[in-house]
Amino acid sequence: LKPQEAVEMAVPLVSGEEALGVLWVGHPLEAPCFDDESITILQTMAQHAATAVENVRLYAERAEKQRYEREMALAREIQLGMLPRAMPEIAGYEIAAMCRPAFEVGGDYYDCIGIPGGGWCIVTGDVSGKGVPAAMIVSIVRTLLHTCVQFESSIEEVLRWINRHITPDLHSDMFVTLNAVGLGRDGRAIDLYRAGHEPALLIRRGGEAQPVSPSGTALGLLDLDAFDRLLEPQSVALEPGDILLLYTDGVTEALNEREEEFSLARLLHAARRCAGARPADMVRAILQEVDAFVGQRAQSDDITLLAIRRV
């Protein structure tokens with residue numbers, strides 16, 4: 001470039017190591033090219049402009065983050081509002097439950113639904129995945145459950161009806177697992193239905209504990225005929241002081257800092273130590289054991305526990 005030729009100048013706008021843009025200046029009107037003083041002034045202007053652009057961007061990101069946090073807080077409030085505010089008083093039984101999402105919203109769910117004509121349907125569920133997509137499926141499942149029990153008293157048919165209606169709307173990589181317990185009016189044996197969920201635990205008052213795992217596959221996982229064929233209830237006789245514990249895999253698959261899982265074996269051991277306790281005390285004690293096992297590692301999955309005790 002010859003000094004006598006008129007030129008244009010492009011000065012980069014840089015923040016840290018990131019290029020934000022360019023300050024483009026046309027050729028001088030009264031000089032053939034830019035002198036050193038003009039170049040220094042333009043570089044200073046570019047620095048101030050880069051700072052201003054970066055501040056605007058940071059402010060916009062902060063405003064967007066605050067909006068997201070407000071929306072997620074509202075979503076969490078709405079989802080927690082879908083859970084029972086208090087477990088109902090059911091003759092012959094005492095029930096306690098808790099749900100702790102790993103993020104603002106999650107895919108775990110529990111409920112206690114009265115069946116017209118008498119009886120109760122008690123449910124724990126888990127949607128594959130986490131966060132907002134899983135929470136949306138939870139709301140759909142809850143709506144279907146509360147709708148279907150109004151015209152279908154058989155829990156087996158309720159689950160089949162829900163599977164028929166939700167399967168077409170689930171993505172191929174999504175499914176829903178459920179444990180459903182039917183409490184009749186006689187207060188004797190209860191029926192357990194398992195749709196691909198974690199085995200329930202039967203904890204006898206004397207300390208014996210064992211998994212209860214009736215046949216069944218997850219909602220939305222297989223074709224409709226396979227779901228109907230595999231779903232088989234199992235009758236569970238509860239004596240006074242016995243507890244049926246329902247939970248999600250966030251309990252057994254909780255990881256500590258050494259990448260070890262809490263495991264079903266540890267859950268059985270914790271449950272045996274709580275034999276004969278009230279449901280609320282058992283839920284609280286097991287959650288404390290899980291937290292002690294995990295240590296400082298962040299919770300990676302939603303955790304739900306529900307205990308039903310014959311009194």
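For reference, positions follow the sequence shown, starting with 1. Note that these values count all heavy atoms, side chains included, but never hydrogens, waters or copies made by symmetry.
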Going by salt bridge (charged side-chain N to carboxylate O under 4.0 Å, His left out), R100 matches just one of D291, D108, D301. Which one?
D291

So if you build clusters from Ile, Leu, Val, Met, Phe, Trp, Tyr with side-chain heavy-atom gaps below 4.5 Å, do L230 and I162 land together?
no

Using a 4.5 Å cut-off on heavy atoms from C-beta on, say whether the side chain of L20 contacts that of V14.
no

Could you tell me whether the side chain of D169 and the main chain of I166 form a donor-acceptor pair under 3.5 Å?
no

Would you find a donor on one side and an acceptor on the other, under 3.5 Å apart, between the side chain of N163 and the backbone of G220?
yes

Which heavy atom in L222 sits nearest to a heavy atom in T217, and how many Å separate them?
CD1-OG1, 3.8 Å

With a cut-off of 3.5 Å and sequence neighbours excluded, list every side-chain donor-acceptor pair involving residues 140-151.
residue	atom	partner	partner atom	Å
R142	NE	M82	O	2.9
T143	OG1	S139	O	2.9
H146	NE2	D111	OD2	2.7
T147	OG1	T143	O	2.7
Q150	NE2	H146	O	3.4

Assess, by modelled atom type and distance only, whether the side chains of R194 and S213 contain a donor and an acceptor separated by less than 3.5 Å.
yes

CZ of R70 to NZ of K65, rounded to nearest 0.5 Å, is 13.0 Å

Under the 3.5 angstrom rule, does the side chain of R160 hit a backbone N or O of D228 as a donor-acceptor pair?
yes

Would you tell me whether T248 and D126 have side-chain atoms, one donor and one acceptor, within less than 3.5 Å of each other?
no

Just how far is it from atom CZ of R309 to atom OH of Y93, taken to the nearest 0.5 Å?
13.0 Å

Looking at R204 and D242, is any side-chain nitrogen of the basic one under 4.0 Å from a carboxylate oxygen of the acidic one?
yes

Shortest non-hydrogen contact from V127 toward M174:
CG1-CE, 3.8 Å

Pair I243, I308 - check side-chain contact (heavy atoms from CB on, under 4.5 Å), show working.
CA-CA 5 Å; I243 287 181; I308 305 170; 5.9 Å; no

Check step by step if side-chain contact (heavy atoms from CB on, under 4.5 Å) holds for L305 and L246.
CA-CA 6 Å; L305 289 159; L246 310 180; over 6 Å; no

How about CE on M136, more than 12 heavy atoms from neighbouring residues, nucleotides or ligands closer than 6.0 Å, or not?
no

Would you name the heavy atoms of A307 and L245 that are closest together and state the gap between them?
CB-CD1, 4.1 Å

Least distance between heavy atoms, V290 atom then A254 atom
CG1-CB, 3.9 Å

Which distance, rounded to the nearest 0.5 Å, do you find between the CG of L306 and the CG of L244?
9.0 Å

Cluster check V251, I95: I/L/V/M/F/W/Y, side chain < 4.5 angstrom:
no

Is a side-chain N or O of D302 found less than 3.5 angstrom from the main chain of G106, in a donor-acceptor match?
no

Keeping R310 on the side-chain end and L238 on the backbone end, is there a donor-acceptor pair under 3.5 Å?
yes

Distance-only donor-acceptor pairs under 3.5 Å for side chains of residues 277-286, two or more places apart:
residue	atom	partner	partner atom	Å
R278	NE	E94	OE2	2.8
R278	NH2	E94	OE2	2.5
D281	OD1	R284	NH1	2.9

Looking only at non-hydrogen atoms, find the nearest pair between L13 and A49 and report the distance.
CD2-CB, 4.0 Å

How far does CD of E261 sit from CG of L255, to the nearest 0.5 angstrom?
5.5 Å

Please round to the nearest 0.5 Å and tell me the distance separating atom CZ of F293 and atom CD of E260.
5.5 Å

Calculate, to the nearest 0.5 Å, the distance between atoms CG and OG belonging to L219 and S128 respectively.
11.0 Å

Show your working on side-chain contact (heavy atoms from CB on, under 4.5 Å) between C99 and L83 and close with a plain yes or no.
CA-CA 9 Å; C99 178; L83 301 176; 3.9 Å; yes

L23 and M45: CA distance, side-chain angles, deciding distance, side-chain contact (heavy atoms from CB on, under 4.5 Å) verdict:
CA-CA 9 Å; L23 176 64; M45 291 176 60; 4.3 Å; yes

Backbone N/O of E18 and side chain of S15: donor-acceptor pair under 3.5 Å:
no

